A.B. asks: 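Please find one structure pasted underneath; my questions will follow.
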Amino acid sequence: MHEALALTGNRAADYELLLKQAESLWDSSLPLFSNLANISALLKEALDRTNWAGFYLWDEPAGELVLGPFQGLVACTRIPFGKGVCGTAVREMETQWVADVHQFPGHIACDGASVSEIVVPLARAGADECREEVLGVLDIDSPHKGRFDPVDQEGLEKVAGLLVRLWPQGSALRG
């Protein structure tokens with residue numbers, strides 16, 4: 001059974017607690033979607049001033065991100081490669097941290113209340129080691145301008161690293 005995180009107020013330390021909780025929630029006997037659903041719920045619970053937390057999974061044949069487990073309002077179901085903050089994170093293969101999404105060229109508005117966003121790509125070394133296997137992205141939105149900062153980026157990149165390590169082999173849309 002999940003117990004609510006006892007956050008300390010020290011954001012860096014709280015991300016370490018969040019990381020430990022995420023690892024303890026992951027159950028490799030469950031389908032990928034079940035695990036990602038619990039992680040998205042954990043993130044939404046733990047991160048204050050957020051209105052959406054979840055995953056878009058990479059659909060290699062289609063060359064696009066497809067909506068995965070999340071917590072928040074109804075969301076866009078498909079995001080083309082390189083489009084919006086999520087698609088840009090996949091194209092650039094680096095975290096996109098946007099203080100005001102209304103200033104981001106090509107922003108895709110799924111929830112009009114979202115003002116800031118952080119998107120962390122999920123990828124691991126591919127079979128040929130020359131190319132990364134894209135799994136998807138971790139996406140967190142906030143209705144507050146400038147909500148995310150370097151502490152969030154570092155903490156969420158650690159969470160993403162943990163998820164990539166635990167992620168079952170195969171396509172991002174399988175499991």
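Here the structure is a predicted model, which is why all the values come from computation and not from measurement. Sequential numbering from 1 along the given sequence is applied to the chain's residues.
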A.B. asks: If you round to the nearest 0.5 Å, how far is CD of Q96 from CG of D139?
C.D. replies: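 Answer for the CG-CD pair, D139 versus Q96, is 11.0 Å.
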A.B. asks: For E157, what residues pass the salt bridge (Lys or Arg N to Asp or Glu O under 4.0 Å) criterion, not counting sequence neighbours?
C.D. replies: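 In terms of salt bridge (Lys or Arg N to Asp or Glu O under 4.0 Å), with neighbours along the sequence ignored, E157 is linked to no residue.
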A.B. asks: Got V120 and V137 here, is their nearest side-chain heavy-atom distance under 4.5 Å?
C.D. replies: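 No, too far: nothing below the 4.5 Å cut-off.
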A.B. asks: Looking just at side-chain N and O atoms, do S142 and N51 make a donor-acceptor pair shorter than 3.5 Å?
C.D. replies: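 Short answer, no.
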A.B. asks: To the nearest 0.5 angstrom, please state how far the CD atom of Q21 sits from the CG atom of L43.
C.D. replies: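 Nearest 0.5 Å value for the CD-CG distance: 11.0 Å.
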A.B. asks: Between L65 and D59, is there a side-chain heavy-atom distance shorter than 4.5 Å?
C.D. replies: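 D59 vs L65: side chains apart.
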A.B. asks: Do N38 and D27 come close enough that some side-chain heavy atom pair is under 4.5 Å?
C.D. replies: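 N38 does not reach D27 side chain to side chain.
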A.B. asks: Do you reckon V115 sits in the same ILVMFWY cluster as L73, going by side-chain contacts under 4.5 Å, direct or chained?
C.D. replies: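 As far as the 4.5 Å side-chain criterion goes, L73 and V115 are not connected within one cluster.
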A.B. asks: Side chains of L67 and R78: closer than 4.5 Å at any heavy-atom pair?
C.D. replies: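 Not touching, per the 4.5 Å side-chain cut-off.
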A.B. asks: With W52, which residues qualify under ring pair (Phe, Tyr, Trp, His ring centres under 6.0 Å), at least two apart?
C.D. replies: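 So W52 forms a ring pair (Phe, Tyr, Trp, His ring centres under 6.0 Å) with Y56, F70.
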A.B. asks: With disulfide bond (SG atoms under 2.5 Å apart) as the rule and sequence neighbours excluded, what pairs involving residues 28-73 come up?
C.D. replies: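 Matches after skipping sequence neighbours: none remain.
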A.B. asks: Do K145 and S116 touch side chain to side chain, with heavy atoms closer than 4.5 Å?
C.D. replies: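 When only atoms from C-beta onward are counted, S116 and K145 do not touch, as no gap falls below 4.5 Å.
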A.B. asks: Would you mind checking if R147 and D141 are paired as a salt bridge, meaning a charged N to carboxylate O distance below 4.0 Å?
C.D. replies: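 So D141 does not pair with R147 through a salt bridge.
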A.B. asks: Taking the side chain as every heavy atom from C-beta outward, state whether R11 and D152 have any pair of such atoms under 4.5 Å apart.
C.D. replies: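 Contact flag for R11/D152 side chains = yes.
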A.B. asks: Applying salt bridge (Lys or Arg N to Asp or Glu O under 4.0 Å), name anything that partners E154, two or more places apart in sequence or on another chain.
C.D. replies: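 Once residues adjacent in sequence are excluded, the partners of E154 under the salt bridge (Lys or Arg N to Asp or Glu O under 4.0 Å) criterion are K158.
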A.B. asks: Just verifying a value: how many Å separate L163 CG and R124 CZ, rounded to the nearest 0.5 Å?
C.D. replies: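 The distance works out to 11.5 Å.
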A.B. asks: Can you name the residues that form a salt bridge (Lys or Arg N to Asp or Glu O under 4.0 Å) with R165, not counting sequence neighbours?
C.D. replies: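 Expected list: E23.
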A.B. asks: Using a 3.5 Å cut-off and no angle test, enumerate the donor-acceptor pairs between side-chain atoms of residues 83-91 and protein atoms at least two apart in sequence or in another chain.
C.D. replies:
residue : atom : partner : partner atom : Å
T88     : OG1  : G84     : O            : 2.6
R91     : NH1  : G82     : O            : 3.2

